[in-house]
Amino acid sequence: MSENPSTNSLFPIQGEQFPKSEKLCNVRIINQLFAIRKSEFVYPFKIVYLREQKEIASKPPQILISVSKRNFKKAVTRNRIKRQIREIYRKNRKDIFTEQTFVPHYLAIIFIAKKQESFGFMEDRLCKVLRRISQKS
RNA sequence: AAGACAGUCUGGCUUAUCGCCUUUGUUUUUUCGAAUGUUUUUUUGGAGAAAUAAGGGAGGAAAGUCCGAGCAGUACAGAGCAUUGUACUUCCUAACGGGAAGGAGUUGAGUUAGGAAUGACUCAAUUACAGAUAGUGUCGCAGAAAAUAACCGCCUUAUUUCCAAGAAAUUAGGGUAAGGGUGAAAAGGUAGGGUAAGAGCCUACCAGUAAUUGAAGUAAUUCGAUUAGCUGGAUAAACCUUACGAACUGAAAGACCAAAUAGGUCAGCACUUGAGGGUGACUCGUCCGAUGCUGGCGGGUAGGUCGUUUGAGGUAGUCGGUGACGGCUAUCCCAGAUAAAUGAUAAGCACUUUUCAAUCUAACUUUGAGUAACCAUUGAAAAGCACAGAACUCGGCUUAUAGGACUGUCUUUUUA
RNA sequence: GCACCAUUCGUCUAGGGGUUAGGACGCCGCCCUUUCACGGCGGUAACACGGGUUCAAAUCCCGUAUGGUGUA
């Protein structure tokens with residue numbers, strides 16, 4: 001479609017922007033997402049995803065990030081983990097989701113671990129899970 | 001100078017790459033309305049999106065949700081009961097259970113008076129600090145007795161036994177708080193008089209209570225005087241009494257806009273003799289025109305704006321006040337998110353600790369010099385760099401907190 | 001966000017100013033039995049933490065920590 005093969009039509013202009021339309025806020029869709037429960041797991045991430053049938057994804061997926069209050073009591077550490085996960089997703093999604101791969105409509109990234117992990121470790125593992133989802137058909 | 005304790009203030013910095021939220025300006029674009037106009041338009045206003053430029057973007061506790069207010073809705077004549085909170089005095093404050101200054105009590109240290117008990121003064125810490133003589137309740141164990149004290153003891157009267165009298169003993173009664181190994185607490189303390197034995201029964205001194213009253217102080221209270229009965233345990237963070245206060249619910253409060261009650265089905269009513277709708281304040285007129293209205297069942301929607309960040313506001317100066325704090329003047333606008341923004345990564349600097357090396361020397365071995373601790377300086381490496389994230393907004397309190405700065409008190413050492 | 005409750009042996013609990021802090025299940029030892037189980041006897045082990053009131057606190061009051069509940 002596009003002349004330049006490096007550009008991705010899902011994330012056309014500035015590939016590393018993260019506007020509000022890519023965040024999942026609707027309560028009904030969240031309930032639907034967790035009712036269906038299609039998921040992948042690689043420590044320390046569990047990913048729940050949903051793709052509506054008969055539709056080809058033309059928009060980038062909406063995501064939500066969840067860190068349990070039970071495992072991390074303090075708001076400061078929860079906020080930091082969520083920010084790190086958001087940065088990893090923002091930097092790497094362009095390479096993972098393209099027109100040729102499987103693109104879900106909605107994603108929930110859940111952090112399962114009981115202690116904080118290093119940024120490099122989390123980046124490696126999160127890319128691995130997202131690639132596994134993108135290989136599906 | 002070091003350490004401990006208490007209080008006040010502060011709570012890292014820089015660069016690069018990629019981002020998030022918000023305010024304002026410009027450009028492009030979508031949509032809605034108004035005017036002009038009628039193939040194509042132009043002007044203007046509102047709302048949304050994108051790009052770009054500039055500005056701003058967590059705290060001293062944002063935390064706990066322990067108090068007090070603003071604000072909003074509901075209720076409400078007034079007063080009382082019930083429930084519940086507070087409690088030395090004066091002041092500060094919008095208000096407070098907060099704060100300031102003062103008073104009193106308790107504890108500790110020092111000085112001093114004294115034979116001692118103890119008193120006086122100074123300093124520090126601390127106190128939910130009204131009432132126990134309005135009433136009710138409770139006070140385990142021990143102890144005679146735990147709050148209307150008589151078990152033992154002491155004294156005495158009557159009776160009986162022995163009997164010259166007295167003494168002793170038995171039984172019944174009376175008086176008596178001086179004595180009785182307890183206990184957290186034992187019915188004012190000491191001395192003298194007094195008595196059958198005793199007792200504030202009386203007297204002196206001391207402690208305390210009540211009433212009247214003088215002086216100082218705004219007051220709490222302090223220093224005194226007179227009289228009285230002589231004395232009345234503790235507990236109100238037991239019930240309670242007195243005084244003062246509290247209506248209830250919380251921004252998920254509340255206000256507005258948009259969307260929605262379509263189609264279906266059941267029952268009733270009206271109707272081509274014109275139902276109903278548009279235009280219009282209404283009627284007439286005119287246009288559309290066959291189903292319309294009411295109720296039930298069932299079905300369906302759940303988003304946005306305001307509230308919301310200009311406020312008992314901040315900063316600086318100055319004046320008043322012992323102080324909390326207040327007045328005046330100047331100046332500034334300083335987060336506003338909504339399943340949760342204020343960041344992520346990398347590098348460097350600063351700070352702290354540890355280790356190593358070098359310099360410096362006390363000292364030692366010895367007389368060529370060598371080995372060289374502590375402190376300090378320089379360099380390198382490693383580790384650490386607190387507590388913690390706004391959710392309508394303020395005033396406090398409480399709790400957490402690496403490192404740094406300042407002030408006060410106490411202790412130790414050195415010098416004079 | 002707001003409102004509220006609880007914390008006692010390893011577990012579930014009683015006790016609401018004066019007890020040796022009681023009970024059940026568990027664990028340990030002994031007896032019973034050829035052995036195990038059942039049963040009997042005995043033992044072990046607890047008032048979340050820090051202050052205060054009181055002669056005396058698991059209990060009353062204040063603060064902290066932890067866990068939980070309700071609320072659209």
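Proteins get letters first, then strands, A, B, ... in listed order; numbering begins at 1 in each.
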Does F41(A) share a hydrophobic cluster with I110(A), counting links as ILVMFWY side-chain heavy atoms below 4.5 Å and allowing steps through other members? yes

Suppose you measure atom C1' in rA75(B) against the same atom in rA330(B); what distance do you get, rounded to whole Å? 49 Å

Rounded to the nearest 0.5 angstrom, the CD1-CZ distance for I88(A) and R93(A) is 14.0 Å

Reported OG-to-CD1 distance for the pair S134(A) and I96(A), which is rounded to 0.5 angstrom: 6.5 Å

Check whether any side-chain N or O of R80(A) sits under 4.0 Å from OP1 or OP2 of rA344(B), and answer yes or no. yes

Would you say a side-chain N or O of Q84(A) is under 4.0 Å from OP1 or OP2 of rU345(B)? yes

Please give, in whole Å, the distance from rG64(B) P to K74(A) NZ? 12 Å

Taking atom P in both rC394(B) and rU310(B), what distance in whole Å separates the two? 10 Å

Look at R83(A) and rA340(B) and indicate whether a side-chain polar atom (N or O) is within less than 4.0 Å of OP1 or OP2. no

Any N/O donor-acceptor pair, R90(A) side-chain to rC18(B) base, under 3.5 Å: yes

Rounded distance [0.5 Å steps], OH in Y49(A) versus OG in S39(A): 7.5 Å

Of the options rG389(B), rU342(B), rC18(B), whose atoms approach the side-chain atoms of R86(A) most closely? rU342(B)

Is there a donor on the side chain of E87(A) or the base of rG343(B) sitting less than 3.5 Å from an acceptor on the other? yes

